[in-house]
Amino acid sequence: MSTEQLPDYLKQGEPARLFPVLATTSKEGRTTSIVLACLCKIDEFGAQLLASVGQKVGKRSSLQTFSEIVFQKQSADIKDRPDGLIVLKIGSRNWRAIVEAKVGSAELDPDQVERYRILAKENGVDCVITISNQFATSPGSHPVESVRKSRSKIPVFHWSWMHILTAADLLVSGDNVGDDDQRLLLNELRRFLTHESAGVKGFDRMPKEWSELNKLVSSGGAIAAKSPVAHTVMEAWHQETRDLSMILSRMTGMTVPEKLPRKHAGNPAQRQKDELIELRDDNCLRSVLVVPDAAAPIEITADIMRRSVDVGMSLRAPDDKKSTKARLNWLLRQIKATETDDIFIRLLWPGTSEPTQFPLSELRANVDLASEGKEHLRATGFHVFVSERLGGRFAQQTNFISEIERIVPAFYGEIGANLAAWVRKAPQIKAERSSGQDVSPSGLAEDAEDFEL
């Protein structure tokens, strides 16, 4: 596109190309251009990504993307050139977003993001979208704390490269792209993003502070909720749980989100504060993932004191079973796993009665074991979980991540996916009230006459 054909607010730029002609060293520019080109060439892909930042792409919308742009209005002290621009036209309304991308190990520069916010304000651009290998719980919860805390009124959204890859994978694997040519193109994007030359990677290591925190806890030290070390570890944990949710999404072909309390969903600072207090009190990191249509959410706990990872699901016991034995047998029939050394079942009891816990292998050998000392009670629920002690690997930056990314999918694949929640049966019509006449005023009057205690 020549300069004359550019929108009047741009001094320089060109439409994002599927085959950009750039230097071999320009990984960022190449990867960003290809993704932005696919954004407007593949209807479902563009609609899904823009929906994540609150924009609905309809049949009457048009989408344009540009790369290597320079605005007409630009302060002399801003020398940066944004990687891209997204323009969504909906009727007479234009929605625009500046795009800033980093690949590989490069992290977003908060000062640069602030300069792009100024640039957006000067040119009437609605928001900034950053892309990097850093992870965010949601596009609206930016992974860089100073960006979140900025007083600028220009919103900044974030897509991790893995978020983009996962969106492409779910659309292709789920056969959710209507046009065959577009589906082929999206598959090529998926192929490109998985190649090491694209600079896309998952979260693969905890920070050095992770080892420091483990040494502190193992030596009997207390974690301070406002400790910079704990803060850095918590940020990394949030990155890992987001990556884990996308791993499960790609494995199941369904979007697997993190389950957050309402007060945390739109408030990362409050989430950070509350979870740091929990880390201080319990020496544990926790997360909950929701697989659509699964019997229950997946609960994940990394216990620093025990150096163990626990992954489980909680189910309500079936009310239509009259004894703990019958209720437990209902659960045991659903657990198909043969390797049971690390699998446990925790039974929940009514009132103030404390939970009890047994290895799965022992309950399979003797189901009556669960009722010992609780003969007068019936279990109200079960927590089925895997508990793996990792020893020294737990405190290691890369091994901790590789282990948790092994344990969680394995638990769901071998146990969680086979569990079914108990559902109360639909009420049946009573034999003595099988017709409308039986429950008419005259029928009820007759029933009242025959009533006996």
Modelled atom types, side-chain donor and acceptor of [X] and [Y], under 3.5 Å:
{"X": "K201", "Y": "S105", "result": "yes"}
{"X": "T130", "Y": "H142", "result": "yes"}
{"X": "S314", "Y": "E299", "result": "yes"}
{"X": "T380", "Y": "W349", "result": "no"}
{"X": "H238", "Y": "E275", "result": "yes"}
{"X": "T241", "Y": "E258", "result": "yes"}
{"X": "Q270", "Y": "N267", "result": "no"}
{"X": "S132", "Y": "E107", "result": "no"}
{"X": "T166", "Y": "R250", "result": "yes"}
{"X": "R306", "Y": "S387", "result": "yes"}

Tell me whether the rings of F203 and F135 are parallel (<30°), tilted (30 to 60°) or perpendicular (>60°).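 Answer is perpendicular, since the angle exceeds 60°.
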According to the interplanar angle, ranging from 0 to 90°, do the rings of F400 and F394 count as parallel (below 30°), tilted (30 to 60°) or perpendicular (above 60°)?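 The rings of F400 and F394 stand perpendicular, inter-plane angle above 60°.
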Which residue in the set R242, R271, R148 passes salt bridge (Lys or Arg N to Asp or Glu O under 4.0 Å) when paired with E235?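 Going through R242, R271, R148 one by one, the salt bridge (Lys or Arg N to Asp or Glu O under 4.0 Å) with E235 is satisfied by R148 alone.
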Going by salt bridge (Lys or Arg N to Asp or Glu O under 4.0 Å), name the pairs with one or both residues in residues 334-348, residues two or more places apart or in two chains.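 As it turns out, there is no salt bridge (Lys or Arg N to Asp or Glu O under 4.0 Å) pair with a partner in residues 334-348 once direct neighbours are skipped.
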Scan for salt bridge (Lys or Arg N to Asp or Glu O under 4.0 Å) pairs involving residues 387-413, sequence neighbours excluded, and state none if there are none.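 Qualifying pairs, neighbours excluded: E388-R406, R393-E403, E403-R406.
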Donor-acceptor under 3.5 Å (S211 side chain, A395 main chain):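 Side chain of S211 to backbone of A395: a pair is present.
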Please list, chain by chain and in numerical order, all residues satisfying side chain to side chain donor-acceptor pair (under 3.5 Å) with D80, sequence neighbours excluded. Q112, R115
Do R96's NZ or CZ and the ring of Y9 fall within the cation-pi criteria of under 6.0 Å and 45°?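 Flagged: R96 positioned over aromatic ring of Y9.
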Is the count of non-hydrogen atoms from other residues, nucleotides or ligands lying under 6.0 Å from R93 atom CZ greater than 12? yes
